[in-house]
Amino acid sequence: QVQLVESGGGLVQAGGSLRLSCAASGRTFSSGAMGWFRQAPGKEREFVATISWSAGSTDYADSVKGRFTISRDNAKNTAYLHMNRLKPEDTAVYYCAARVGSYPYRGSGAYDYWGQGTQVTVSS
């Protein structure tokens with residue numbers, strides 16, 4: 001079994017920063033891509049960012065490009081999402097996901113494991 005646990009969410013003012021963490025246990029993900037997705041109330045879950053197993057390839061949604069940075073520490077089985085210049089429209093539950101394959105896909109269907117989510121609220 002695999003468990004993904006997100007942390008680092010909270011309430012922040014617009015323009016502020018947060019760092020989300022995703023700790024994986026149960027198996028190592030040094031060979032698998034990891035991603036972050038989010039879901040705002042009344043909206044579908046959407047892609048935010050993804051990173052390949054080597055961290056050599058990353059991809060971002062246009063809405064967060066230049067503000068968010070995804071990274072990973074395979075020695076710690078942990079992925080991170082550094083969020084800067086936060087906007088009220090970034091408010092959502094943020095989910096970490098991991099896949100067995102190494103390619104960093106945008107589609108949520110490509111991911112095999114999901115965390116329970118962490119709430120991010122950005123006030124205006």
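This is a predicted model, so every value here is computed, not measured. FYI, the numbering just counts along the sequence from 1.
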Side chain to side chain contact (heavy atoms under 4.5 Å, CB included) partners for Ser57, two or more places apart:
Ser52, Pro104
Quick test of your reading: applying salt bridge (charged side-chain N to carboxylate O under 4.0 Å, His left out), list the pairs with at least one residue in residues 31-43, sequence neighbours left out, ordered by first then second residue.
Arg38-Glu46, Arg38-Asp90
side-chain hydrogen bond (donor to acceptor under 3.5 Å, both in side chains) partners of Gln119, counting only residues at least two apart:
Thr121
Please test Leu86 against Phe68 for side chain to side chain contact (heavy atoms under 4.5 Å, CB included), starting from the C-alpha separation and ending with a verdict.
CA-CA 9 Å; Leu86 283 160; Phe68 291 11; 3.8 Å; yes
Spatial distance of atom CG (Leu81) from atom OG1 (Thr118) [nearest 0.5 Å]:
11.0 Å
Could you list the residues that satisfy side chain to side chain contact (heavy atoms under 4.5 Å, CB included) with Asp112, not counting sequence neighbours?
Arg99, Val100
Are the side chain of Thr91 and the backbone of Val122 linked by a donor-acceptor contact shorter than 3.5 Å?
yes
If only atom types and distance count, is the side chain of Asn74 paired as donor or acceptor with the main-chain N or O of Ser54 below 3.5 Å?
no
Please name the pair of heavy atoms, one in Trp53 and one in Ser102, separated by the smallest distance, quoted to 0.1 Å.
CD1-CB, 3.1 Å
For Gly32 versus Arg72, what's the shortest heavy-atom pair and its separation?
O-NH1, 2.7 Å
Nearest atoms (heavy-atom pairs only) where Ser108 meets Trp114
O-CZ2, 3.5 Å
List in chain and number order the residues that pass salt bridge (Lys or Arg N to Asp or Glu O under 4.0 Å) with Glu89, two or more places apart in sequence or in another chain; answer none if no residue qualifies.
none
Partners passing side-chain hydrogen bond (donor to acceptor under 3.5 Å, both in side chains) against Lys65 (at least two apart in sequence or in another chain):
Asp62
Applying side chain to side chain contact (heavy atoms under 4.5 Å, CB included) to Tyr80 and Thr69, what does each step give before you reach the verdict?
CA-CA 8 Å; Tyr80 304 95; Thr69 302; over 6 Å; no
Show me the donor-acceptor pairs, under 3.5 Å and distance only, between side chains in residues 5-14 and residues at least two apart or in other chains.
unit_1	atom_1	unit_2	atom_2	d
Glu6	OE1	Gln116	N	3.1
Glu6	OE1	Gln116	NE2	3.4
Glu6	OE1	Gly117	N	2.9
Glu6	OE2	Cys96	N	2.8
Glu6	OE2	Gly117	N	3.2

Where do Arg85 and Gly66 come nearest, in terms of heavy atoms and distance?
NH2-O, 3.1 Å
Is Leu4 reachable from Phe47 through a run of hydrophobic residues whose side-chain heavy atoms are each under 4.5 Å from the next?
no
side-chain hydrogen bond (donor to acceptor under 3.5 Å, both in side chains) partners of Arg45, counting only residues at least two apart:
none
Mind checking what makes side chain to side chain contact (heavy atoms under 4.5 Å, CB included) contact with Ala23, not counting sequence neighbours?
Thr78
Any pair counted as ring-ring contact (aromatic ring centres under 6.0 Å, His included), so long as it reaches residues 90-111, sequence neighbours left out:
Phe37-Tyr111, Tyr103-Tyr105
Taking side-chain hydrogen bond (donor to acceptor under 3.5 Å, both in side chains) as the definition, give me every residue that meets it alongside Ser71, ordered by chain and number, with sequence neighbours left out.
His82
Would you name the heavy atoms of Trp36 and Ile70 that are closest together and state the gap between them?
CD1-CD1, 3.6 Å
Sequence neighbours excluded, the answer for salt bridge (Lys or Arg N to Asp or Glu O under 4.0 Å) partners of Arg106 is Asp59
